[in-house]
Amino acid sequence: MSELTNDVSVTGSECTASSESLAGLELPKNYDPGTIEEPLFKKWFDSGYFSRNVAGFADEQKPSYTIVIPPPNITGVLHMGHALNNTLQDILTRKARMQGRPTRWVVGTDHAGIATQNKVEQKLAAEGKTRFDVGREAFVEACWQWRDEYGSTIIEQLKSMGCSCDFEHEKFTMDSDYAAAIRKVFVDWFDNGLVYKGHRIINWCPRCTTALADDEVEHVDETGHLWHLRYPLVEPVGDIEYLVVATTRPETMLGDTGVAVSPDDERYSALIDAGAQVKLPLMDRIIPIFTDEYVDKEFGSGAVKITPAHDANDFEVGQRHDLEQINVFTEEAVVNANGGRFEGMTREEAREAVVAAFEELGLLDHIEEHDHAVGHCYRCNTTIEPWLSDQWFVKMSELAAPAIKAVRENQVVFHPKRWENIYFHWMENIRDWCISRQLWWGHRIPVFYCDTCGWMGASVEDLEVCPKCGAAVRQDEDVLDTWFSSQLWPFATQGWPSEATWKQELDHYYPTQVLSTARDIIFLWVARMIMSSMYFLDGKVPFEDVIVHPTVLDKYGNIMSKSRGNGVDPLQLINTYGADSMRFGLALQVTGSQDLKFDEEKIMIMARNFATKIWNASRFVLMNLKDFDASQACDETSGKVTPLAVTDADRWILSRLARLTAQLADGQDGYDFGVIARSLYSFFWNEFCDWYIEFSKSQLNQGGTERAAAQRNLVFVLDSALRMLHPFMPFITEEIWTRLPHGDSRPSLMVAEWPNSAYFNDFIDDQAELAIEQLCAVVTAVRATKARYGISPKQPLDVVVKTTGDHALNAADVLNSQLEQLKSMARVGNFEASATAVKPAHSSVTIQAALEIYIQLEGFVDFDAEKARLQKELDKKVGELEKINKKLGNEGFLAKADVAIIEKAKSDAAELDKSIEQLTEQLADIG
RNA sequence: GGGCGAUUGGCGCAGCGGUAGCGCAGGUGCUUUACACGCACAAGGCCGGGGGUUCAAAUCCCUCAUCGCCCACCA
């Protein structure tokens, strides 16, 4: 049974749309998104359509469909990336919902540790205070207040886009149940040795005064300098009194505890053999010279100063050679007491001062320019300081292995597929993840210390006293990386780890179907979700598909950013063009390979014009239904209006519609949003509006069955098109659909059924498609001829068509039966089509596949011009024929090409032959 | 230093093995049973350069060029 007739509607099976509801037929002249969108959203929300059971319309027998939103930061405001990403998710969600699947788009926000803390600190700073002035407890309280005040901004903005998220069950990464999930994860990993504490060099942001993970550092190429500094030897070796080290960061020399050279660098072998030592200038520290494989003798001077406390490589070298680690900076990157007379200077001041001091001592060898990548904080852009400190880490290699396998085995599939390589590369070279942050806003690390007996442990519950000795314990001061909590998003939002809820939820609704995201968080977020999900949920992946959507760039191809000031505000677009247009315009640009250059002028105008087109086509349909009685035009059981094919035009549009539904059927359309949007656009505009609506005008005029059929088909095709357009343009389609007498008892298009391609399959009609193609060819030929000779479009012209194809007789019959259409669409006067027609005198000729169209032009035309045109046409055809004949003369082609291709070439050649013959004849005739 | 992507009419993009499509802009003509945010009709392209594979290449391979992204511990 087709979907159209197996209505599970709640209101029974009577025909519900009748002439009574015609009051709703009048549409205002212009589409005004501003007045329509908000009330419709409220209606959807109040009706409960956003919940998983979709107010009772979901079919529990069908597979569920779940998407989790990438939780926006509570500090976030909607930008173009969100607009695009959430458009895509909503398209998928709405389609699944219309297909009757229990559908849930999980929504919520991320507490965004650093970002939020920065905002609140800025607010305090405006009052002249720091977080230390107010203290930890009050500061965290202020963060909560900030969240209550501003945290839902972006959620409200999603609503104005029309996103059909499950807003009633909004989650937050600091909710108490979410916190429980985090504790469980941490404690489990701690107890299993996957979480450990390490004294290491980490990326330190001296402005945020916290550690950052490797992927939170953004490297920017900068032109800096390479300072070549002379380090005097304690005792000269031969006539060598000093060696030169090259550094980009001279200020760190204050913490140098060694100098390394390459083991096979002969320049320094004498020094190594002699066991020479350096007397570190300014600090007067005696430090060793040694060899290490790490050193590249080609670079700089071939000698590297080693500062174990301020460079990740030097740290490792230092460990190999057992060097002292001297930290010379405070957490704000100011020189500390270990920096001698430089104490109290900032990094920048210290650099200048150290270089000046070397120069004064005659120890500055030379300076050269040097390009290198410098790390910056991804939140505040401050230059990162590699800094030695105690931090918590997650051991990644064990977690990564199954997650790599899952993608290799297509349990998770990336779209486009090539992103998997990026994923593999990162996962296979994964490094341990620094998860502690020296912040106050976030999930505090659940590790407790007993200073009395030295016990340390992680605990799901807060501890007051030491489980070992009973003394008071203190909790770790640090909080967890925000991404530590985000990695749990797909399951912690759905009840995990509370056995009572997650067992039933997740057994049914997990894994989720799709994750749609920007590419820049594939590592930070996507990979970690896969790893944690597989670890905690018995190897289950969190989602089956990952869509990596294009990056939205400005019209010149630059990344949109605050500093460039080239961002576009989606809310502004919604105000100007409507949410539907913004959504459609963005979806239209999604192609899978290219980033999205957003040119408002080009994209939005196209989409807005399309929305207007939909509106006006619908106005036309509704205007012509005054005498339409849906109850006489519907399926008896479902009450829905069904089509009625009387003319070729009717059969044609239904056939075209059927092809569209087949293209959009499950599994066919994939995630090619741009392709789908374009198909919908061209069907609606170029087929339904440009031709069928025009055909319908004459049918409507004729009355009787033809009129009735046109009405039914207009309603049916529009109804079907609205269903397929709805996921892209939810508001305008809903507004029109609720006024259209389609007979469907569902209260909203949002919960109406998706057109089932199996039902439409019967409408496919090759004959009708061919017939209309020929009819259109005649119409176009007449219009073109009039335009060419400046004849008014209103001037009727007599037309004779000779049909020349295999189905000549039938084609002639078909054309003759379309006289009304020809009169209405092309202002044809007398008309005759036959296989034996002869060319009337003084007429223009248009050769179309299997048709010779003669248009009587006596008294209208300068025949010299027509002659020239025919000659041009003839030359073109001759050229084409030459090409094809060359192909057909090629033995390789005949031997190896597909039969169908060869047949096509042959028939093309035959047609061209005939055309050339005709054209030559016509030319002779005119001459 | 590696990897990836892009290069198609003036502009923004589709197409990805069988003789180039869309939208915008520009041209000509239109108050035609909705729509000028419209209708009709034309015009506009050796598909970045060079090589190769193939009967056949915008489409596959190699190479170069330009632009853009990502990754990388060279001081």
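Each chain gets a letter, A, B and so on, in the order the sequences are listed, and its residues count up from 1. Atoms considered below: every heavy atom in the structure, side chains included; atoms not considered: hydrogens, waters and symmetry mates.
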Hey, are D595(A) and R519(A) close enough for a salt bridge, meaning a charged N less than 4.0 Å from a carboxylate O? yes
L586(A) CG to G23(B) P, straight-line distance once rounded to whole Å: 20 Å
When the C1' atoms of A58(B) and A14(B) are compared, how many Å lie between them, rounded to an integer? 12 Å
Atom CD1 of I430(A) to atom P of A72(B): distance rounded to whole Å? 12 Å
When rounded to the nearest Å, what value does the distance between P atoms of G50(B) and G44(B) take? 24 Å
Whole Å only: how far is the OH atom of Y692(A) from the P atom of U33(B)? 18 Å
What is the base-pairing partner of C24(B), counting Watson-Crick and G-U wobble geometry with both distances under 3.5 Å? G10(B)
Tell me the interatomic distance from H219(A), atom NE2, to C71(B), atom C1', rounded to whole angstroms. 10 Å
Could you let me know what G17(B) is paired to, Watson-Crick or G-U wobble, both distances under 3.5 Å, or none if it's on its own? none
Nearest-Å distance once atom P is located in both G3(B) and C62(B): 12 Å
Looking across every strand, which nucleic acid part, if any, lies under 4.0 Å from H372(A) by heavy atom: base, sugar-phosphate, or nothing? sugar-phosphate
In whole angstroms, the gap separating P of U33(B) from CG of L622(A) amounts to 19 Å
As a quick check of understanding, evaluate side-chain hydrogen bond (donor to acceptor under 3.5 Å, both in side chains) for R619(A) and N616(A), giving each step before the final call. CA-CA 5 Å; R619(A) 281 182 63 221; N616(A) 281 297; 2.9 Å; yes
Hey, does D296(A) reach any base, or is it just sugar-phosphate, or nothing, if we go heavy atoms under 4.0 Å? base
With a 4.0 Å cut-off on heavy atoms, is I422(A) in touch with a base, just the backbone sugar-phosphate, or nothing at all? nothing
Is the distance from the ring center of W419(A) to that of F414(A) below 6.0 Å? no
Apply side-chain hydrogen bond (donor to acceptor under 3.5 Å, both in side chains) to E218(A) and Y378(A), showing your working. CA-CA 6 Å; E218(A) 287 178 353; Y378(A) 83 133; over 6 Å; no
What is the base-pairing partner of C67(B), counting Watson-Crick and G-U wobble geometry with both distances under 3.5 Å? G5(B)
Using only modelled atom types and a 3.5 angstrom limit, is any donor from either the side chain of D908(A) or the base of U19(B) paired with an acceptor on the other? no
Rounded distance (Å) that lies between atom P of C24(B) and atom CE of M604(A): 14 Å
If I pick the C1' atom on C73(B) and the same atom on C69(B), what distance separates them, to the nearest angstrom? 22 Å
Along nucleotides 34-45 of chain B, 5' to 3', which nucleotides get a B, which get an S, and which get a -, given that the test is a protein heavy-atom distance under 4.0 Å? BB-BSSSSS---
Between E735(A) and R739(A), is there a salt bridge with N-O shorter than 4.0 Å? yes
For K305(A) and T252(A), test the side chains for any donor-to-acceptor distance below 3.5 angstrom and give the result as yes or no. yes
Interatomic distance where CD belongs to Q821(A) and P belongs to U33(B) [whole Å]: 14 Å
Looking at C73(B), C71(B), U33(B), which one has an atom nearest to any side-chain atom of N313(A)? C73(B)
Pairing check on A58(B): which nucleotide meets the Watson-Crick or G-U wobble criteria with it, both distances under 3.5 Å? none
Sugar-phosphate only, base, or nothing, as touched by E880(A) at under 4.0 Å among non-hydrogen atoms: base
Can you measure N558(A) atom CG to C69(B) atom P for me and round it to whole angstrom units? 8 Å
Just checking A312(A): base, sugar-phosphate only, or nothing, at a heavy-atom cut-off of under 4.0 Å? nothing
Please give the distance between the P atoms of A20(B) and G45(B) as a whole number of Å. 14 Å
Classify the nucleic acid contact of V245(A) as base, sugar-phosphate or nothing, counting any heavy atom under 4.0 Å across all strands shown. nothing
Within 45° cone and under 6.0 Å: K697(A) NZ/CZ vs F620(A) ring: yes
Side chain of K786(A), backbone of P793(A): donor and acceptor closer than 3.5 Å? yes
Which nucleotide sits closest to the side chain of R418(A): G18(B), G5(B), A75(B)? G5(B)
What is the nucleic acid contact for N624(A), judged by heavy atoms within less than 4.0 Å: base, sugar-phosphate only, or nothing? base
What does R519(A) touch in the nucleic acid at a heavy-atom separation under 4.0 angstrom: a base, only the sugar-phosphate, or nothing? sugar-phosphate
Can you confirm whether the side chains of E903(A) and S907(A) place a donor and an acceptor under 3.5 Å from each other? no
Taking atom types as modelled and ignoring hydrogens, do the side chains of S679(A) and Q663(A) form a donor-acceptor contact shorter than 3.5 angstrom? yes
Could you identify the nucleotide paired to C35(B), looking across every strand shown and requiring Watson-Crick or G-U wobble geometry with both distances under 3.5 Å? none
Side chain of N713(A), backbone of A709(A): donor and acceptor closer than 3.5 Å? yes
With C1' as the reference atom in both, quote the distance from C37(B) to A43(B) in angstrom, rounded to an integer. 24 Å
Ignoring hydrogens and geometry beyond distance, is a side-chain donor-acceptor pair present between Y556(A) and N566(A) at under 3.5 Å? no
Nearest-nucleotide check on RNA chain B, R827(A) vs E891(A); residue mapping nearer the 5' end is R827(A)
Counting only Watson-Crick or G-U wobble pairs whose two distances fall under 3.5 Å, which nucleotide matches C46(B)? none
Which nucleotide sits closest to the side chain of K883(A): U19(B), A75(B), C71(B)? U19(B)
Separation between the P atoms of G27(B) and U32(B), rounded to whole Å: 23 Å
Residue closer to the 5' end of RNA chain B, T248(A) versus W426(A) (nearest nucleotide): W426(A)
Need one value for D520(A): base, sugar-phosphate or nothing, where a base atom within 4.0 Å counts as base even if backbone is also close, heavy atoms only. nothing
Check whether any side-chain nitrogen or oxygen of R431(A) sits under 4.0 Å from OP1 or OP2 of A72(B), and answer yes or no. yes
Below 4.0 angstrom, N of the basic side chain to O of the carboxylate: do D627(A) and R707(A) qualify? yes
Using the C1' atom as the reference point in each nucleotide, state the distance between U53(B) and G17(B) in Å, no decimals. 12 Å
Name the pairs: protein N/O against N/O of nucleotides 10-13 of chain B, kept only if under 3.5 Å.
from   : atom 1 : to      : atom 2 : distance (Å)
C11(B) : O2     : K602(A) : NZ     : 3.3
C13(B) : OP2    : K597(A) : NZ     : 3.3

Answer with base, sugar-phosphate or nothing: what part of the nucleic acid does H310(A) contact at a heavy-atom distance below 4.0 Å? nothing
